[in-house]
2 protein chains.
Amino acid sequence: MTDDSCPYTRRFLQGRSRDALSKRERTLLEGLVGTVERFTAPHTILRRGDVVDQSTILIEGTVARVIYEDGKRHIVALHVPGDFVDLHAFALKRLDHDVVSIGSVQIGYVPHDRIQKVLEKEPTLARMLWYSTLLDAAMHREWIMKLEHLSADGRLAHLVAELWQRLDFVDLAGENGFSLPLTQQELADACGTTSIHMNRVVKKLRETGVVDISRGQVTVLDKQALKELGAFDPAYLYGQGPLKLT
Amino acid sequence: MTDDSCPYTRRFLQGRSRDALSKRERTLLEGLVGTVERFTAPHTILRRGDVVDQSTILIEGTVARVIYEDGKRHIVALHVPGDFVDLHAFALKRLDHDVVSIGSVQIGYVPHDRIQKVLEKEPTLARMLWYSTLLDAAMHREWIMKLEHLSADGRLAHLVAELWQRLDFVDLAGENGFSLPLTQQELADACGTTSIHMNRVVKKLRETGVVDISRGQVTVLDKQALKELGAFDPAYLYGQGPLKLT
DNA sequence: GTCGACCACTAACATAAGTTAAGTTCGGTG
DNA sequence: CACCGAACTTAACTTATGTTAGTGGTCGAC
């Protein structure tokens, strides 16, 4: 990825917006971002039920979408830089989940009236926005499959494999791993288990030489084993090939 | 719901498209459906990986979206009449799951070039289509929460409560329940458990007077208990109030 | 009518995961 | 340097769920 484009949006759509959009459209995309904000400590950016008139694009760091139920926190989605975290709020207006920052993050806010203008006048860009929410849904479906099918070790392996792939799309993955500021409690919340059991699983995957997760750093020890354990097939990320526009 | 509108589309968007669309737009919506097909036996309508040039709207009956993994079937979504089952295929082109009929169904096919025309010329209708896929994603998120948070009885209770509510939106729910052609194996596939365990759960919910599921018929015995067991709050279905358009 | 297929149902046993209750490491702060 | 809280770690025990192996019922095909 070259950096001839805006730092706020160049990672949009898995970094593929460069290929799919004209120079003019990219400029328009960049113009969507209004204010930019940084949080250095964990912060609840938006709450379930909030009625919003802007959406959030993640520029740097990690944010989670969470649903609290019965006093417990459930992570229903994780985002990497370039993700339009709550674009769905443009049409749905009301949020069905919280949006929380993890570690240090930088986010951009996109006012809904600017999105409205894009919808009216820029069909290609509008299509990209729709596409982005559909990718989100495809990831949701994969998570449902993972939760229905896999036991805790598989779920963690799948999560690691997915994040590694998604970070790789936007040039943020390392050769042997990536940095991940999630605590074991948060990994548990994303895998539908408890922190105690997640600790067992993390230990097991480390000892069996699959992946080492410690001090905010993920080191993949056996890529093949990781994929198999997590039943990971990246097809659902629709990452191969150019974005098709018809 | 009056039946002054097309039988193919009058249940679209939880039956609320009547309120949100003009007469002209409703006529356009009806015109989207090309061919109509009926399957009386279980049938795989579309397969994962298929590249499609039309999308499917469910007119009557039940269809499921399933992902096979490691020889096991996982239901990642269930649809009621009025649902646009695979509208996402318009933008994504390739399916990340199978679409299968359950029991007897009637479906309509919408050619993608007609959707393309709507996008170019009918911003309100286009917005409705986007909205429909966003509702889908919201349900996915709720399923993720349910799978992460609830044990098998809660998952079944949640599933029953959700389907009852969704069928009620389109005037297909009864006073005390609804008909549901899912086998215990299929209920298990939708709740991420085994048919043996699902049988235990069905029996338990029947004996504790929560809900009776037998011979394709769901009879809710204790509405309040059902909602509590399933941690069901219908807010995520965005069913209240008129569709907001800006 | 009988056969086979599919579905509902049950029992006995094995295992993954939740719960409770610690203790330990580690980074930051006074 | 000592303390504190948060994250991590472990152990012992309980429970939910998976697995294997079956039984019986219903219904349609032949």
Side-chain angles (χ1 to χ4, degrees), chain A residues 40-43 62 69-75 100 102-104 146-158 179-208 211-218 229-231, chain B residues 40-43 62 69-74 100-104 146-158 179-208 211-219 229-230:
Chain A
T40 52
H43 180 76
T62 310
E69 191 69 56
D70 201 26
K72 282 172 186 159
R73 177 180 58 182
H74 302 284
I75 296 180
V100 305
I102 290 174
S104 174
K146 144 188 125 177
L147 290 164
E148 289 179 347
H149 181 59
L150 299 171
S151 54
D153 359 15
R155 294 178 187 180
L156 179 59
H158 186 284
S179 78
L180 182 71
L182 296 186
T183 64
Q184 290 185 356
Q185 176 67 62
E186 287 160 339
L187 289 173
D189 294 341
C191 291
T193 185
T194 60
S195 62
I196 288 94
H197 193 58
M198 182 48 71
N199 183 269
R200 293 181 191 129
V201 170
V202 167
K203 182 185 176 188
K204 181 179 167 193
L205 294 200
R206 187 155 43 215
E207 287 177 350
T208 53
V211 62
D212 180 79
I213 304 176
S214 47
R215 277 159 286 115
Q217 191 67 29
V218 174
L229 193 59
Chain B
T40 52
H43 179 77
T62 310
E69 191 69 55
D70 202 26
K72 283 174 187 156
R73 177 181 56 181
H74 302 284
V100 305
S101 70
I102 290 173
S104 173
K146 142 187 127 179
L147 290 164
E148 288 180 348
H149 181 58
L150 299 172
S151 54
D153 355 16
R155 293 178 188 180
L156 179 60
H158 187 284
S179 78
L180 182 71
L182 296 185
T183 64
Q184 290 185 356
Q185 176 67 63
E186 286 160 339
L187 289 173
D189 293 343
C191 291
T193 184
T194 59
S195 62
I196 289 92
H197 194 59
M198 182 49 70
N199 183 270
R200 292 179 191 132
V201 170
V202 167
K203 183 184 176 187
K204 182 179 167 193
L205 293 201
R206 186 156 43 215
E207 288 176 350
T208 54
V211 63
D212 180 78
I213 305 176
S214 47
R215 277 161 285 114
Q217 192 65 28
V218 174
T219 310
L229 194 59

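Sequence lines set the chain letters: A, B, ... in the order given, protein chains first and strands last, and positions in each chain run from 1. Below, each value reflects all heavy atoms present in this structure, side chains not excepted, and no hydrogens, waters or symmetry copies.
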What distance do [X] atom [atom1] and [Y] atom [atom2] have between them, rounded to the nearest 0.5 Å?
X	Y	atom1	atom2	value
A:His158	A:Cys191	NE2	SG	10.0 Å
A:His149	B:Leu147	NE2	CG	13.5 Å
A:Thr193	A:Arg155	OG1	CZ	7.0 Å

Give the rounded distance in Å between these two atoms: [atom1] of [X] and [atom2] of [N].
X	N	atom1	atom2	answer
B:Arg206	C:dA8	CZ	P	10 Å
A:Arg215	D:dC8	CZ	C1'	12 Å
A:Leu156	C:dA16	CG	C1'	15 Å
B:Glu186	C:dA8	CD	C1'	13 Å
B:Leu180	C:dA8	CG	C1'	15 Å
A:Asn199	C:dG18	CG	P	13 Å
A:Glu207	D:dC8	CD	P	17 Å
B:Leu205	C:dA8	CG	P	15 Å

Would you please name every residue forming a side-chain contact (heavy atoms from CB on, under 4.5 Å) with A:Pro181, sequence neighbours left out?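 Residues passing side-chain contact (heavy atoms from CB on, under 4.5 Å) with A:Pro181: A:Thr62, A:Ile102.
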Under the rule for side-chain hydrogen bond (donor to acceptor under 3.5 Å, both in side chains), what residues qualify as partners of B:Ser104, not counting sequence neighbours?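 By the side-chain hydrogen bond (donor to acceptor under 3.5 Å, both in side chains) rule, B:Ser104 matches B:Arg38.
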Residue list, side-chain hydrogen bond (donor to acceptor under 3.5 Å, both in side chains) with A:Thr183, at least two apart or on another chain: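 If we apply the side-chain hydrogen bond (donor to acceptor under 3.5 Å, both in side chains) test to A:Thr183, skipping adjacent residues, the hits are A:Glu186.
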Five-pair end axes of the helix from C:dG1-D:dC30 to C:dA22-D:dT9 and the angle they enclose, rounded to 10°: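 Taking five pairs per end, the axes differ by 40°.
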Would you mind writing out the side-chain donor-acceptor pairs for residues 198-205 of chain B within the sub-3.5 Å range, not counting sequence neighbours?
{"unit_1": "B:Asn199", "atom_1": "ND2", "unit_2": "B:Gln184", "atom_2": "OE1", "d": "2.8"}
{"unit_1": "B:Arg200", "atom_1": "NH1", "unit_2": "B:His197", "atom_2": "ND1", "d": "2.8"}
{"unit_1": "B:Lys204", "atom_1": "NZ", "unit_2": "B:Asp153", "atom_2": "OD2", "d": "2.5"}

With sugar-phosphate taken as primed atoms, P, OP1 and OP2 and all else as base, the protein-contact string of nucleotides 12-30 of chain D at under 4.0 Å (heavy atoms; B, S, -) is B----SBBB----------
Using only side-chain N and O atoms of B:Lys203, determine if any of them is under 4.0 Å from OP1 or OP2 of C:dC9.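 Negative; the distance criterion is not met.
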Please tell me if B:Gln184 has a side-chain N or O lying less than 4.0 Å from either OP1 or OP2 of C:dC9.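 Result: yes.
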Note, B:Val211 side chain near B:Leu156 side chain (heavy atom, < 4.5 Å):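 No, every pair of side-chain atoms sits at 4.5 Å or beyond.
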Test side-chain hydrogen bond (donor to acceptor under 3.5 Å, both in side chains) applied to A:Asp189 and A:Lys72, A:Arg73, A:His74, the passing residue: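 Testing each of A:Lys72, A:Arg73, A:His74 against A:Asp189, the sole residue satisfying side-chain hydrogen bond (donor to acceptor under 3.5 Å, both in side chains) is A:Arg73.
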